[in-house]
Structure formats: structure tokens, C-alpha cells
There are 4 protein chains.
Amino acid sequence: MRYFVGELSTSVEAACRWRRRKEERPAEIVSAALEVFTDKGFALCKLDEVAKRAGISKGTLYLYFENKEALFKAVVNKFVLPQIEQAEEKAALHKGSKQVLLRELTEQWRLNILETGLSGIPKIMISEASNFPELATFYLENVIKRVRSFISQLITQGVAEGEFRQCDGELAARAFLAPLVFAAIWEHSLAPFDDDYDRNAYINTQLDIFIHGIMKGKQE
Amino acid sequence: MRYFVGELSTSVEAACRWRRRKEERPAEIVSAALEVFTDKGFALCKLDEVAKRAGISKGTLYLYFENKEALFKAVVNKFVLPQIEQAEEKAALHKGSKQVLLRELTEQWRLNILETGLSGIPKIMISEASNFPELATFYLENVIKRVRSFISQLITQGVAEGEFRQCDGELAARAFLAPLVFAAIWEHSLAPFDDDYDRNAYINTQLDIFIHGIMKGKQE
Amino acid sequence: MRYFVGELSTSVEAACRWRRRKEERPAEIVSAALEVFTDKGFALCKLDEVAKRAGISKGTLYLYFENKEALFKAVVNKFVLPQIEQAEEKAALHKGSKQVLLRELTEQWRLNILETGLSGIPKIMISEASNFPELATFYLENVIKRVRSFISQLITQGVAEGEFRQCDGELAARAFLAPLVFAAIWEHSLAPFDDDYDRNAYINTQLDIFIHGIMKGKQE
Amino acid sequence: MRYFVGELSTSVEAACRWRRRKEERPAEIVSAALEVFTDKGFALCKLDEVAKRAGISKGTLYLYFENKEALFKAVVNKFVLPQIEQAEEKAALHKGSKQVLLRELTEQWRLNILETGLSGIPKIMISEASNFPELATFYLENVIKRVRSFISQLITQGVAEGEFRQCDGELAARAFLAPLVFAAIWEHSLAPFDDDYDRNAYINTQLDIFIHGIMKGKQE
DNA sequence: TATGAATGAGACTTCATTCAT
DNA sequence: AATGAATGAAGTCTCATTCAT
């Protein structure tokens with residue numbers, strides 16, 4: 001798998017080795033680490049392999065990251081926050097039907113998360129949360145709750161505007177988000193073995209049912 | 001965390017070591033292992049700790065399980081299959097509204113999985129699938145597909161009987177199951193840090209929205 | 001390989017299990033141990049396997065032998081001393097040509113040692129001498145020196161009687177014995193891989209050359 | 001015991017740890033391993049001790065050798081083949097009396113093998129052959145048969161040239177070599193306990209008797 | 001800055017030995 | 001007397017981390 005996140009590439013551009021500058025290194029390392037953490041989990045991610053994929057030596061890792069845990073945190077921080085900002089922005093700018101907005105956010109998730117290596121992040125967080133309480137807290141507060149919060153508002157508004165049925169915004173937000181997160185997790189766990197799995201069909205179905213489930217009028 | 005699975009308890013009752021209990025040992029060990037695997041994941045689960053929790057010595061583990069991987073497989077096998085059989089039975093015996101059956105199955109999941117340590121199993125499988133392809137395949141075929149299959153049939157019947165909207169049974173089954181699995185995973189990852197999380201409220205909301213989402217008539 | 005030493009058999013006569021009496025046990029165990037020590041060496045000889053071959057449980061071993069080392073010593077003691085006595089007797093009774101006696105002793109070695117599992121003993125002693133100094137000393141004093149001593153006398157007499165060339169008895173005895181011992185060692189090390197090896201042809205050649213080498217007259 | 005093999009010394013000269021010496025390491029490790037394997041055999045050779053004697057840490061061993069078995073093979077390969085080549089060369093260059101050549105080869109064995117730690121190699125092979133069939137085969141084919149082969153030719157030539165009695169070259173070669181190998185084995189097994197043992201006297205006697213034994217004419 | 005050889009704590013696993021039954 | 005479940009010390013091997021170069 002190759003991840004293109006922003007303008008980063010984890011491939012080692014051997015041709016331009018000499019052009020590598022100090023500023024690019026951390027990003028390359030973190031991208032390489034994302035791959036390995038995602039594939040193997042925290043414990044089985046060997047720094048030897050991260051270094052190899054980043055095209056550097058193991059020792060060099062320690063010039064940029066204090067230890068394995070710091071690298072792990074960097075991975076989470078680096079890739080997650082920009083996504084949230086983007087989503088919040090989109091929501092803030094949106095006018096009109098909330099249903100449409102939910103569809104758009106779902107689409108964004110599909111494009112930016114599921115179809116890139118970023119879906120590995122939720123998988124790691126789930127797997128490692130109990131081993132990294134501090135990180136888990138950080139992630140919960142700064143990622144999950146933030147997203148949940150504006151989804152909640154959005155739904156509450158939808159209810160107020162008569163678009164959605166009466167319901168608790170927080171809980172409905174959870175119900176909206178859980179399947180999205182699940183899709184990301186699935187991608188990096190059992191999907192590779194699940195031949196029948198069709199990411200898009202699944203996402204569409206979930207979204208459809210959710211929308212049907214909270215819309216006020218009948219849509220048949 | 002304490003798990004009560006059937007009548008097993010992982011607490012160490014034996015004041016005296018050197019008690020011969022060939023019969024009970026495997027069950028005790030597997031229960032202890034479930035706890036540790038669930039908390040720590042495969043790699044960080046130390047057999048020392050499993051042994052301690054099972055009230056035996058490390059060496060004794062190897063009288064019953066060839067190695068760590070075998071123990072892991074035993075954990076998965078032991079706790080999962082009975083649950084499926086129970087669910088299949090319930091579905092087979094059920095007559096009448098499919099909606100009611102889905103509610104009952106959800107309730108069963110809540111009681112037997114979420115409120116026991118068994119919710120740890122999906123968490124382990126998600127975390128370790130890529131490291132244990134063989135086990136992943138087994139789990140997918142013998143657990144997930146089996147469940148998905150009868151849920152799919154059930155929904156298809158519901159559609160045929162005019163209870164549910166027109167929809168693809170397989171995909172709808174995925175949409176029904178994903179939030180349940182997600183709840184189990186959540187339980188063993190971020191829920192401990194997520195103070196607002198109310199398991200029952202969440203499950204109920206998801207179920208409600210799902211039912212609304214696939215029911216034919218308006219329920220308002 | 002099956003060893004028949006005296007009247008012992010290491011095979012487990014399951015049919016007559018009930019007839020096993022306390023007196024027979026040690027012999028059975030020691031015979032089983034000879035096999036395993038010979039095959040695997042001291043360290044890789046697992047008492048589990050010795051017990052299984054002896055048809056008893058591991059615990060029972062400890063009723064008869066204090067520990068692994070004691071068992072090892074028992075093996076050496078049990079099988080070696082009788083052979084020596086037999087050889088000494090033969091030499092004591094012999095009259096006439098020493099050359100003939102050497103041929104007979106060689107033949108006895110071939111029959112009693114090389115063609116039985118007893119050839120394993122020298123192999124073990126060689127392999128384990130440095131790990132068991134006490135046993136090494138015992139073996140050297142009570143086995144090797146005793147044999148060497150009467151061979152030495154025998155050769156010295158041969159010299160005195162004009163049958164053999166002038167030579168040092170001790171050294172000639174070593175020269176006579178070394179190839180015999182070597183044959184035993186070979187049997188349990190590289191012979192199984194040495195397809196061209198023909199035990200009898202080798203022994204005969206060695207003996208021939210030795211006899212030629214110390215005989216006084218020309219034999220051509 | 002100290003082994004001087006080529007210019008290597010196993011003594012730890014480096015006062016300071018953390019010296020980078022990729023070049024010398026493998027040789028030092030292998031020399032240290034020769035000592036320990038020779039003393040203790042394969043199973044009782046602790047990598048801890050090898051590391052200590054080589055003046056490195058246990059982990060460093062694994063930078064150079066995949067595992068204990070690989071180290072064992074390296075020991076055998078490293079020390080044995082050069083000796084053979086040397087012997088073959090000597091034989092190839094030799095002109096004139098075969099008897100003299102046999103004496104020279106024996107002398108070379110005494111100097112290069114018996115009086116260095118290399119005599120440990122035959123001891124190890126004998127002790128471990130049955131546990132390392134692959135290595136046993138390698139050793140037999142590439143070491144023993146090679147040596148036996150040119151000794152055999154040499155003797156056959158001696159017979160043809162009328163220097164030696166009529167005899168089978170292969171078998172005579174075995175008869176010539178066995179005592180040499182035996183001497184090596186003895187060195188690392190019972191010789192340390194055998195106070196009367198005089199290596200040189202023994203070797204000379206064996207050689208003398210062998211030469212006498214195959215020479216055509218009478219040498220008295 | 002970058003390297004990669006070196007380290008050592010710590011994990012899994014084995015097996016001689018013990019002892020309740 | 002016999003068993004075999006249980007033990008725990010000890011060994012091999014891994015890998016995050018360090019540091020001389």
C-alpha cells in the first residue's frame with residue numbers, strides 16, 4: 001500500500017537523496033511509521049522497518065523522535081487534526097439541508113480516510129488505547145468529541161428545522177459516526193479476508209438507512 | 001475487570017498451590033487469557049501475567065497449550081461459537097415480526113456480549129487479524145459470515161413479508177451488525193475514557209434508527 | 001534400534017505388565033536410558049523419553065535414581081564392568097600365541113560391543129567426559145586403565161616370547177585399543193551417514209595392520 | 001585453554017566496550033565458540049559464555065549469526081576446510097617415498113590440529129553428528145571423504161610402486177586416519193584425566209606400527 | 001547530521017525435579 | 001510403589017535504545 005497524504009510520499013525517492021533536508025525528514029518518518037503501525041500494531045511495529053521504509057537508519061529516528069511512543073503520538077497528531085479542521089469548516093460553511101451535509105461529510109470520509117492509509121489511524125487507536133491512556137484521552141477529547149460535537153449540533157439543528165425526527169443529537173451523532181469509524185477499522189482488519197466486502201456499497205447502505213431512520217417524512 | 005463466563009471465575013481460590021485439577025485448568029487459563037489479551041493485545045499479553053491470573057505457574061500453561069498462539073486461538077474458539085449457536089437457534093424458533101426479532105437479538109448481544117468480558121473478542125480479532133491471517137479467515141467464515149447470513153435472510157424475509165423496505169439483505173445485515181460490533185470494540189478501547197458514553201442509550205438509539213430506516217411504513 | 005543386553009529387553013512387554021516387579025525396574029530403566037543417552041547425548045536426553053521407553057512415568061524414575069546424573073552413572077556402570085571382567089578372564093585363561101588372543105579379543109569386542117548398543121557407551125563417555133569429571137576419572141581408572149593394563153602385559157609377554165617386535169607395551173596397547181574404541185564411537189556418530197562403511201572390513205584391516213606392525217617375522 | 005588460530009586470539013583486549021569492529025567480530029566470536037563448544041558440547045554451550053569470552057554482549061552475537069546452530073556451523077566451516085586444503089596441497093607436491101609423506105602428514109596433524117584447539121572440531125562432530133544430520137553429511141562429504149580419498153590414492157600408489165604391501169587403499173586409509181582422529185577426540189575427552197598420556201609418544205607408536213604394518217619389506 | 005554496531009532487559013519456552021494423590 | 005500435574009530456574013532469541021564514529 002502506498003499512502004499519499006497531502007504532498008508526502010513515503011516512497012524513498014532515491015534519485016533525489018541529496019536533496020533531502022532536515023525539514024522533510026520527520027514527515028517521511030511519520031508516514032513510514034503510519035504504514036507499519038497500521039499493518040502490525042504498536043508492539044509488532046519494528047523501528048528497523050520504519051527506518052528502512054523511510055530510507056534512513058535506525059539511529060536517525062532518534063534524532064527526530066524521543067522514542068517509539070513519541071513516534072506513535074506524532075503519527076496520530078499529524079494525520080488526524082487536519083481532517084477534523086477540514087470537516088468543521090465544511091460544516092460551518094454549509095447552508096440548507098442537513099441531510100445533504102451528512103452525505104457530503106460521509107463522502108469526504110470515504111475519499112480522505114477510507115481510500116487513503118489514514119483509515120489506519122482509528123484502527124491503531126482502537127487497538128492501543130488501553131496501552132496508551134494519555135493518548136487515548138487526547139484522541140477522545142481532541143478528535144472524537146470535536147467531531148461528535150459538531151455532528152450533534154448539526155443534527156439538533158436538523159431536528160429544530162423539522163428535517164429530522166425528534167431525537168437526542170449526541171446519541172444520533174454517535175449513531176452516525178460509529179459506522180464510519182467501523183468501516184475504517186474493518187479496512188485494516190478483516191476486510192482483506194472478506195471477499196464480499198464492497199466499501200462503497202456498505203457506506204451507502206449505512207448512510208441510506210441512517211438518513212431514512214432520522215428523516216421526518218417518508219422517502220420511499 | 002472480572003469476567004464471569006458461564007460458571008467460571010478467574011479468581012484464584014486455591015489457597016494451596018500444587019493442587020491437581022486437570023479438569024478445570026484449561027477453562028481457567030483461557031478465561032485469564034481472555035482478560036489479558038483483551039486488555040493488552042496479543043504482543044503485550046505476557047504469559048507470566050496470564051499464569052498469575054489463572055493462579056498457576058508459567059510452566060503449567062505449557063501443559064495445556066502448546067504456545068502463546070495456541071492459547072490465543074483457544075480463547076477465540078472457546079467463547080465465540082456458543083454465542084452464535086444460541087443466536088441462530090433464537091432466530092430459527094422465532095415467528096412473527098422480524099422487527100421484534102432484531103430487537104431481541106440486539107438485547108441478547110447486549111446481555112451476553114457487551115455486559116460480559118466477551119466483548120473483548122471482537123476487539124482482539126480486529127487488533128490481531130492482520131497478524132493471524134489463518135485465524136482471521138476462520139473467524140470470518142465461522143463467525144461473521146454465519147451471523148451475517150442469517151441476519152440477511154431474516155431481513156430478506158422481512159422485505160418479502162412487507163415489513164421492511166426494499167433493500168439488499170446482505171448489505172442491510174452489515175448495517176445492522178456493524179454498530180453492534182462497534183459497541184463491543186468501543187467497550188475495550190475508548191469507552192473507559194469516554195465519560196459520556198452510555199452503552200444502553202447508544203445501542204437503543206442505533207437500533208431505533210436502524211429499524212426506522214428499514215421499516216416500510218411511517219412509525220412516527 | 002533395539003538393544004539386547006544379556007537378557008534385558010527395553011521393549012515394553014505390555015502383555016505382562018502386571019508381572020513387573022520392583023527388581024526388574026532399574027534394569028529396564030537403565031536400558032532405556034542407554035538408548036536415549038546414546039542417541040542424543042546427555043543434555044538432549046529427556047527423562048520424559050526415557051520414562052516412556054521404559055514404560056513407566058517420569059515420577060517413577062525418581063524412585064530408582066536420584067537424578068539424571070545418577071542415571072547416567074548407572075548406565076555406564078551397569079554395562080561396562082561385565083565386559084571387562086569377561087575380557088580379563090579370557091586373557092587369563094589363554095595359552096599360546098598372543099596374536100591369536102588379540103584376534104579373539106577383537107572378535108569379542110565386535111560381537112559384544114559393536115554389534116550391540118553397548119558401543120554407545122564409549123561414545124557417551126567421550127562426549128560427556130568434560131562435563132562429568134568424576135565419572136571420567138572413574139571410567140578411566142576402572143575401565144580403560146584396566147583393559148589397557150592387561151593388553152599391555154599381554155603384548156609385553158609377546159615381546160618377551162619373541163612373537164612381537166621390541167616395543168613399549170603400554171603404548172602398543174593404546175595403539176591396539178584406539179581403533180577399537182574409534183569403531184564404537186564411529187558407530188554412533190558418522191557411521192549412519194557413511195554409506196561406504198563396512199564395520200567388519202574396517203576392523204579386520206586395522207587388526208591385520210596392527211598384527212603385521214608388531215609381529216617379529218615377515219608374514220607376507 | 002587458549003587457541004591461536006592464524007593470528008586470532010580470543011583474549012579480550014579491548015578495555016573499552018562499545019568499540020565498533022565489524023571486521024574482526026565474526027572471527028573472534030567463532031574462536032570463542034570453538035572453545036566453548038569443545039569444552040561443553042552443543043547443548044551445554046551457553047551463548048552467554050561465548051559472548052563473554054568474545055568480549056561482547058549476547059545481543060551482538062545475533063548481529064553476526066542467526067542462531068546457535070548457525071554459529072556451530074560457522075565454527076566447523078571456518079576451521080576445517082583450510083586444513084584440508086593444506087594437506088591436499090602437501091600431498092600433491094610430494095615426490096618420492098609415500099612412507100615419508102605419511103609421516104609428514106601425521107606431523108602436520110600433530111602440529112596444526114592436536115597442538116591447537118582445532119582438535120576440538122572432530123570431538124564436536126562426533127558428539128553432535130546425530131543431532132545435526134545435515135552438518136554430519138556436510139562434514140563427511142567435504143572433510144572426511146576428501147581426506148580419506150587422497151590418503152587412499154597415496155596408499156594405492158605406494159602399493160603399485162612396491163613400497164607397501166598389497167591392500168585395499170580405502171580401508172588402509174581408514175586405518176591410518178582413525179588413530180589420528182582418535183587422538184584429537186581423546187585430547188578433548190579423557191586425556192585431561194589420563195596422566196600417563198603422552199601425545200607424541202602415542203602418535204609415534206601408532207604411526208610406527210602402521211608403517212610397519214603396511215610396508216612390504218622387513219624393517220627391523 | 002547521520003550512521004549502524006553494540007547493548008541488555010525481557011519475553012517465550014523447555015525440562016529436570018517435586019509432591020499431592 | 002506409582003503417578004503425572006505442577007513448578008521454576010535457566011536458556012535462546014528479540015528489539016528498543018544508546019553512542020562512538
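Computed from a predicted model, the values in this text were never measured in an experiment.
Remark: side-chain polar atoms of C:H188 are paired, donor with acceptor, to backbone N or O of C:G120 under 3.5 angstrom. For the pair C:K68 (side chain) and C:C45 (backbone), a donor-acceptor distance under 3.5 Å is present.
Going from atom CD of D:E28 over to atom P of E:dA5 covers 15 Å, rounded to whole Å. Residue C:K40 contributes atom NZ, which lies 16 Å from atom C1' of E:dA16 at whole-angstrom precision. For C:N67 and E:dC15, the CG to P distance is 17 Å, given to the nearest whole Å. As a whole-Å value, the separation of B:F37 CZ from E:dC12 C1' is 12 Å. Rounded to whole angstrom, the span from the CD1 atom of A:I29 across to the C1' atom of E:dA2 amounts to 11 Å. Taking atom NZ of C:K58 as the reference point, atom C1' of F:dA6 lies 10 Å away to the nearest angstrom. Between the C1' atom of F:dA2 and the CZ atom of C:R25 lies a distance of 8 Å, rounded to the nearest Å. Rounding to whole angstrom units, OH of residue C:Y62 and P of F:dA1 are separated by 17 Å.
Look at D:Y64 and you'll find a side-chain N or O under 4.0 angstrom from OP1 or OP2 of E:dA6. The shortest distance between the side-chain N/O atoms of B:T60 and the OP1/OP2 oxygens of F:dT7 is below 4.0 Å. Proximity of D:K68 to the phosphate of F:dT12: a side-chain N or O atom is located under 4.0 Å from OP1 or OP2. The side chain of D:K22 places an N or O atom within less than 4.0 Å of a non-bridging phosphate oxygen (OP1 or OP2) of E:dA5.
When both distances must be under 3.5 Å, the Watson-Crick or G-U wobble mate of F:dA6 is E:dT17. The pairing partner recorded for F:dT14 is E:dA9, the criterion being a Watson-Crick or G-U wobble arrangement whose two distances lie under 3.5 angstrom.
Taking 4.0 Å as the cut-off between side-chain N and carboxylate O, C:K52 and C:E49 do not count as a salt-bridged pair.
Side-chain contact between A:L44 and B:N131: present, with at least one pair of heavy atoms (C-beta onward) separated by less than 4.5 Å.
Each of C:G59 and B:D48 was matched to the nucleotide of DNA chain E holding its nearest heavy atom; the match closer to the 5' end belongs to B:D48. For the pair B:F42 and D:I56, nearest-nucleotide mapping onto DNA chain E gives the more 5' position to D:I56. Ranked by how close their nearest DNA chain F nucleotide is to the 5' end, D:C45 and A:L47 are led by D:C45.
When the options C:K40, C:K58, C:R53 are evaluated for a salt bridge (charged side-chain N to carboxylate O under 4.0 Å, His left out) with C:D48, the one that passes is C:K58.
Of all nucleotides listed (E:dA16, F:dG4, F:dA16), F:dA16 comes nearest to the side chain of A:K46. Distance from the side chain of B:L63 is smallest to F:dA6 among F:dA6, E:dT13, F:dA16.
Looking at heavy-atom distances under 4.0 Å, B:F65 makes no contact with the nucleic acid at all. Residue contacts shown for D:L61 are absent, as no nucleic acid heavy atom lies under 4.0 Å away.
Considering every non-hydrogen atom in both A:S189 and B:A129, the closest pair reads O-CB, 3.6 Å.
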